[in-house]
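What follows is a set of notes on a single structure, which appears directly below.
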Amino acid sequence: RARFVILVSGQGSNMQAIVQACQSGRCSAEVVAVLASRAQTGGITWAATQDIPTEIVPHTDFATREAFDEVLAQKIDTYAPDYVLLAGFMRVLTPAFVARYAGRLINIHPSLLPAFPGLHTHAQALAKGVQTHGCTVHFVTPVLDHGPIIAQGVVPVLARDTPESLAARVLAVEHQVYPTVASWLAEGRVHLCADQRVEVDGVENRLFTS
Ligand code: GAR
């Protein structure tokens with residue numbers, strides 16, 4: 001079975017969805033560790049209850065991004081993962097870290113990339129008046145939120161939405177998209193082509209609708 005290390009910074013609901021997919025057999029992988037960039041995240045507490053090894057690497061302990069990323073990478077490598085999955089991991093990773101896991105580092109971002117990279121994506125979407133919004137699972141490259149897209153989930157924007165109500169609708173589709181992509185990765189079906197497009201064996205439609 002494929003080995004995943006998942007990195008979280010917060011509640012870790014995407015991590016939980018992936019762990020549950022692995023536990024139920026929908027995803028033929030094992031989450032071999034959950035690492036957090038700060039203490040007392042709900043995600044790390046929950047992972048421990050599932051008997052998954054957890055580690056906290058507090059980013060505040062490090063003077064530079066490089067120093068933080070080096071220690072993080074050393075810890076990740078002790079688990080020998082096939083893939084490193086970012087699930088609400090709120091640290092920008094250095095080019096050296098991204099290069100170390102080239103083709104094996106995956107992120108979920110709460111917008112339909114290339115629209116709305118960065119932070120506060122739901123407020124950005126409401127401010128622009130877009131009628132569709134969603135999430136993107138993509139390979140991580142050195143340019144933030146710009147890597148090759150594996151799958152997307154789409155939701156409508158409704159008239160009375162707030163950033164919070166829209167975030168909740170997007171999160172629900174995230175919980176469909178990320179475990180499914182994880183299952184494709186586990187089965188070795190996701191290919192990053194030379195032209196930076198992604199192909200997934202046997203999958204015609206990689207757009208998820210709620
Ligand atoms: C998710 O909406 C995820 O897409 C987003 O943070 C949330 C984490 O929720 N990620 C980013 O904003 C990455 N820059 P979770 O901790 O419950 O999975």
Side-chain angles (χ1 to χ4, degrees), residues 4-23 27 31 33-50 52 54-57 59 65 68-69 72 83-94 97-98 101 105-127 130 132-155 157 161-182 206-208 210:
F4 294 153
V5 167
I6 305 183
L7 307 189
V8 301
S9 296
Q11 62 178 354
S13 68
N14 278 289
M15 176 272 293
Q16 294 186 31
I18 293 166
V19 167
Q20 285 163 348
C22 294
Q23 290 171 339
C27 175
V31 177
V34 175
L35 275 52
S37 58
R38 50 174 107 112
Q40 283 152 358
T41 77
I44 212 90
T45 307
W46 182 86
T49 69
Q50 305 299 302
I52 298 169
T54 59
E55 296 199 44
I56 297 162
V57 186
H59 65 87
R65 285 189 195 282
F68 169 73
D69 281 9
L72 185 64
Y83 288 97
V84 178
L85 309 181
L86 308 180
F89 189 70
M90 302 308 281
R91 305 296 304 167
V92 175
L93 295 161
T94 55
F97 185 98
V98 173
Y101 300 104
L105 186 60
I106 312 293
N107 182 46
I108 188 160
H109 180 78
S111 78
L112 292 171
L113 292 173
F116 313 131
L119 295 174
H120 311 299
T121 55
H122 310 301
Q124 289 190 59
L126 291 175
V130 295
T132 56
H133 187 44
C135 68
T136 303
V137 175
H138 64 96
F139 284 99
V140 176
T141 58
V143 183
L144 186 71
D145 300 331
H146 273 79
I149 292 171
I150 303 172
Q152 293 186 306
V154 65
V155 301
V157 179
D161 265 331
T162 61
E164 292 74 26
S165 65
L166 187 52
R169 193 173 308 118
V170 171
L171 198 60
V173 80
E174 291 185 47
H175 296 163
Q176 298 176 41
V177 179
Y178 215 173
T180 304
V181 170
R206 292 185 268 134
L207 178 65
F208 290 69
S210 50

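Counting starts at 1 for both ligands and their atoms, in listed order. Bear in mind that the values here come from a model prediction, so they are computed numbers and not experimental data.
Note: Thr180 OG1 to His175 NE2 = 12.0 Å, rounded to the nearest 0.5 Å. With values rounded to the nearest 0.5 angstrom, His138 atom NE2 is found 9.0 Å from Ile106 atom CD1. Annotation: the span from His133 atom NE2 to Leu112 atom CG amounts to 7.0 Å, rounded to 0.5 Å. Taking CG of Leu144 as the start and CG of Asn107 as the end, the distance is 8.0 Å to the nearest 0.5 Å. Distance OG1/Thr121 to CG/Leu126: 9.5 Å, rounded to 0.5 Å.
In terms of protein heavy-atom proximity, atom 4 (O) of ligand 1 is closest to Glu174 OE1, 2.8 Å. Scanning the protein heavy atoms around atom 13 (C) of ligand 1, the nearest turns out to be Met90 SD, 3.8 Å. Nearest protein neighbour of atom 16 (O) of ligand 1, counting heavy atoms only, is Gly12 N, 2.8 Å.
Heavy atoms of Val8 come nearer than 4.0 angstrom to ligand 1 in no pair at all.
The side chain of Leu171, and not its backbone, has at least one atom closer than 4.0 Å to an atom of ligand 1 (non-hydrogen atoms only; side chain from C-beta on). Proximity of Met15 to ligand 1, defined as any heavy-atom pair under 4.0 Å, is not found for any part of the residue.
For Gln23 and Gln50, the side-chain atoms include at least one donor-acceptor pair closer than 3.5 Å.
The side chain to side chain contact (heavy atoms under 4.5 Å, CB included) test with Val84 singles out one residue from Leu7, Ile6, Leu93, and that residue is Leu7.
Ligand 1 has no nitrogen or oxygen under 3.5 angstrom from a nitrogen or oxygen of His109.
Which parts of ligand 1 touch Gln11 is read off a 4.0 Å heavy-atom cut-off, strictly below it: atoms 9 (O), 15 (P), 16 (O), 17 (O).
Across the listed options Ser13, Gly88, Pro110, Ser13 owns the non-hydrogen atom lying nearest to atom 15 (P) of ligand 1.
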